[in-house]
Amino acid sequence: MTTYDLQLSRPRVLSELVAVRLPLGARSALLVAAGAGLVGLSAQLSVPLPGTPVPVTGQTFAVLLVGAVLGWQQAAASMAVYLLAGGLGVPWLSHGGSGFGGATFGYVVGFVVAAPVVGWLASRGGDRTVARSVATMALGTALIYACGLPWLAHSAHLSAGQAWHLGARPFLVGDAIKVGLAAGLLPGAWALARRFRD
């Protein structure tokens, strides 16, 4: 029995159910690249809000899914690729932007923190039920804010309260919807996977 077959017999995250017959290194590289690409693509779903430098994007939703689906190691690698490639010039940050720095770059740093935490929790069942998924995704979202808000405050010379009002408060309802969507999708995907495996 190969390592791949052993993964399939006791999958911990959804990506272990992807039936791609490749050497594990190549398979991991493909999944890492796909995760970074998904976040980069979701960043282009970007809507500016008046009065704040932080746009509404699909990134946080993609980051939470990538973390849960890939597990902590591949999620960490995927978000590191996204951050480094975007910082070095790949135009896949929000609004097709690139480069290190800027008022919203702290949120991207937060992706590198949040995705592996979500992945670690998912590998321990944190995405198997709606209630656990909500808790896992809410924690991931909080970690993104925890990195993004101090960066925003520092780079835009704002107080903590001003950063909260510009960089978090307008997005709370949208992020709650994203958490709810992820919390519905992930347990459903596991239930579907179990049906096909049984």
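Values in this document were obtained by computation on a predicted structure and should not be read as measured data.
Within the 4.5 Å cutoff, no side-chain heavy atoms of Leu45 are placed close to those of Thr57. Residues Val54 and Leu49 fail the side-chain proximity criterion, which asks for heavy atoms closer than 4.5 Å.
Minimum heavy-atom separation, Ile144 to Gly110: CG1-O, 3.9 Å. For Gly140 against Ala114, the heavy-atom pair with the smallest separation is O-CB, 3.3 Å. Across all non-hydrogen atoms, the minimal contact from His95 to Pro55 is NE2-CB, 3.9 Å.
Judged purely by atom type and a 3.5 angstrom limit, Ser42 uses its side chain to pair as donor or acceptor with the backbone of Val39. Side-chain N or O atoms of Arg132 include one that pairs as donor or acceptor with a backbone N or O of Gly125 at under 3.5 Å. Of the possible polar contacts, none joining the Gln44 side chain to the Ser94 backbone as a donor-acceptor pair under 3.5 Å is found. Checked by atom type and distance alone, the side chain of Trp151 pairs as donor or acceptor with a backbone atom of Gly102 at under 3.5 Å. For the pair Gln162 (side chain) and Ser159 (backbone), a donor-acceptor distance under 3.5 Å is present. Between the side chain of Gln59 and the backbone N or O of Tyr107 there is no donor-acceptor pair closer than 3.5 Å. The closest donor-acceptor contact from the side chain of Ser98 to the backbone of Pro91 lies at 3.5 Å or more, if one exists at all. In this structure, the side chain of Ser123 engages the main chain of Trp120 through a donor-acceptor pair within 3.5 Å.
Put simply, CE on Met137 and CG on Leu186 are 4.5 Å apart, with the number rounded to the nearest 0.5 Å. Taking CG of Leu38 as the start and CG of Leu65 as the end, the distance is 7.0 Å to the nearest 0.5 Å. The CD atom of Glu16 lies 10.5 Å from the CG atom of Leu70; values are rounded to the nearest 0.5 Å. Interatomic distance, CG of Leu192 versus CG of Leu185, reported as 11.5 Å (0.5 Å rounding). Of the inter-residue distances, the one linking Arg12 atom CZ with Trp72 atom CH2 reads 10.0 Å to the nearest 0.5 angstrom. To the nearest 0.5 angstrom, Thr136 atom OG1 is 4.5 Å from Leu121 atom CG.
With no hydrogens or angles considered, a side-chain donor-acceptor pair links Ser28 and Gln74 at under 3.5 Å.
Taking the six-membered ring where tryptophan is involved, the planes of Phe105 and Phe100 are perpendicular, since the angle between them exceeds 60° and thus also 30°. Between Tyr145 and Trp164, the angle of the ring planes lies from 30° to 60°, which puts this pair in the tilted group.
The number of heavy atoms from other shown groups lying within 6.0 Å of CH2 (Trp190) is above 12. Within 6.0 Å of CZ on Arg169 lie no more than 12 heavy atoms contributed by other residues, nucleotides or ligands.
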side-chain contact (heavy atoms from CB on, under 4.5 Å) evaluation trace for Leu181 with Phe61: CA-CA 8 Å; Leu181 286 172; Phe61 181 65; 3.6 Å; yes
